[in-house]
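Every number for a ligand or one of its atoms is a count from 1 in the order of the listing.
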Amino acid sequence: MHSVSRQISCSGKKIGLVPTMGYLHEGHLSLIKKSKELCDITVVSIFVNPTQFAPTEDFEKYPRDIEHDNKLLKEYNVDYVFIPSLEEIYPSGYQSYVYVNEISKKFEGEFRPAHFKGVTTVVSILFNCVNPDLAFFGQKDAQQAAVIKQMVSDLKYDIEIVVCPIVRERDGLAMSSRNVYLSPEERTKALTLHKAILYARKLIEGKEMDPQKVIGNMKVIIGEEKSIKLDYVGIVNTYGFREADLIEEGNEYYILVAARVGNTRLIDNELVRLQ
Ligand code: AMP
């Protein structure tokens with residue numbers, strides 16, 4: 001990968017990297033499309049990264065289908081697929097980690113304490129292998145994108161981070177590789193999360209400026225679905241991911257939600273911009 005990327009860079013071409021854990025869906029494909037639009041060469045990496053999963057989480061059973069992924073990537077005319085082995089990324093004796101402090105602590109960081117350390121470490125390794133000019137991430141994992149932007153700024157990576165909008169199923173469920181875990185009944189219940197987010201957006205657009213009131217309303221909607229176990233709801237500034245004390249016109253916010261539906265943990269969010 002190093003020598004391929006060096007050759008591409010020497011020829012003056014722009015490299016776009018789309019890091020994924022595979023089991024590709026339309027959400028991943030939207031990032032690939034954006035990369036192909038903005039870059040000369042698109043590299044898609046597929047690596048299910050063990051260091052971002054806690055021992056109790058789903059690393060072993062995370063869905064994988066490299067054959068199908070490769071077929072899709074061929075159809076999309078992706079230039080390079082980078083599928084490193086576990087041993088290549090973390091050879092025995094591996095000991096270096098990248099940790100972004102404050103922004104990794106709240107929300108996802110509270111419920112998955114080692115998660116972002118694993119993410120920033122592997123993304124850092126992928127950046128060093130691929131040496132991209134641009135890297136593409138989904139707003140679906142809004143905090144992850146914010147953490148990576150902070151890492152890129154702090155560690156002076158010369159890489160532009162592009163965040164692409166959430167791709168949803170027709171009924172509003174945010175696409176995710178983990179949606180395959182949901183039974184038909186759980187899948188219907190999972191829609192409650194998006195319903196709560198949309199209601200929150202409506203409240204904010206109707207000039208409800210108190211985040212706690214909006215959050216309270218979301219909790220009521222989600223609470224009505226007894227089988228959903230809420231991890232958090234929150235309203236944060238898009239830049240810096242700090243909790244909003246007050247919703248102000250002219251600013252941008254993410255309405256966040258994370259919950260478990262049965263054994264499946266889902267996250268979702270919505271960007272709101274008050275003019
Ligand atoms: P993953 O394979 O789940 O690690 O995701 C790889 C990238 O795809 C991440 O940057 C995700 O945020 C992004 N992604 C996942 N689901 C979606 C979606 N529904 N819409 C847009 N981007 C997504």
Side-chain angles (χ1 to χ4, degrees), residues 16-39 42-54 57-59 61-66 68-70 72-73 76 78 81-84 89 107-108 112 114-127 130 132 134-152 159-182 187 190-191 193-194 197 238 241 254 256-258 264-271:
L17 170 65
V18 181
T20 81
M21 297 206 296
Y23 211 71
L24 303 177
H25 51 67
E26 292 290 330
H28 299 113
L29 296 178
S30 73
L31 308 189
I32 293 169
K33 231 160 124 181
K34 197 71 193 167
S35 172
K36 288 180 70 73
E37 201 181 300
L38 299 181
C39 302
T42 291
V43 179
V44 175
S45 64
I46 300 179
F47 182 67
V48 185
N49 175 37
T51 61
Q52 70 188 67
F53 291 80
E57 293 179 352
D58 56 344
F59 172 69
K61 73 168 194 148
Y62 192 83
R64 294 160 168 93
D65 190 347
I66 287 289
H68 184 248
D69 289 347
N70 268 323
L72 276 179
L73 294 173
Y76 263 67
V78 163
V81 187
F82 180 42
I83 312 177
I89 297 295
F107 301 109
E108 284 304 284
R112 306 182 72 188
H115 174 66
F116 285 126
K117 184 176 161 197
V119 170
T120 37
T121 298
V122 81
V123 168
S124 189
I125 295 169
L126 292 170
F127 282 176
V130 178
L134 288 85
F136 297 81
F137 293 87
Q139 184 202 311
K140 165 73 168 45
D141 300 278
Q143 190 176 5
Q144 169 177 279
V147 168
I148 285 163
K149 277 187 175 175
Q150 185 70 44
M151 175 185 85
V152 162
I159 301 172
E160 186 184 332
I161 302 302
V162 181
V163 182
C164 303
I166 300 178
V167 178
R168 297 180 181 281
E169 305 281 358
R170 270 164 184 266
D171 58 9
L173 183 69
M175 287 196 181
S176 163
S177 307
R178 288 191 170 98
N179 289 350
V180 289
Y181 298 151
L182 298 168
R187 202 196 164 294
L191 292 174
L193 303 180
H194 189 228
I197 284 179
T238 54
F241 235 77
Y254 285 126
L256 308 170
V257 62
T264 307
R265 189 168 183 281
L266 299 174
I267 59 172
D268 199 353
N269 71 78
E270 180 87 6
L271 180 70

### Query
When you measure from the side chain of His28 to the backbone N and O of His25, does any donor-acceptor pair fall under 3.5 Å?
yes

### Query
Has Lys149 got its NZ or CZ under 6.0 Å from the middle of the six-membered ring of Phe137, at an angle within 45 degrees of the ring axis?
no

#### Entry: Minimum heavy-atom distance between Pro63 and Ser177, given as atom pair plus value
CG-O, 3.5 Å

### Query
Can any side-chain N or O of Gln143 pair as donor or acceptor with the backbone N or O of Glu108 at less than 3.5 Å?
yes

#### Entry: Lys/Arg N to Asp/Glu carboxylate O, Arg112 vs Glu57, below 4.0 Å
yes

### Task
Write down, by chain and number, every protein residue that brings a non-hydrogen atom to less than 4.0 Å from an atom of ligand 1.
Pro19, Thr20, Met21, His25, Gly27, His28, Leu31, Tyr62, Phe137, Gly138, Lys140, Asp141, Gln144, Pro165, Ile166, Val167, Met175

### Query
Does Lys117 have any salt bridge (Lys or Arg N to Asp or Glu O under 4.0 Å) partners at least two apart in sequence or in another chain, and if so, which?
none

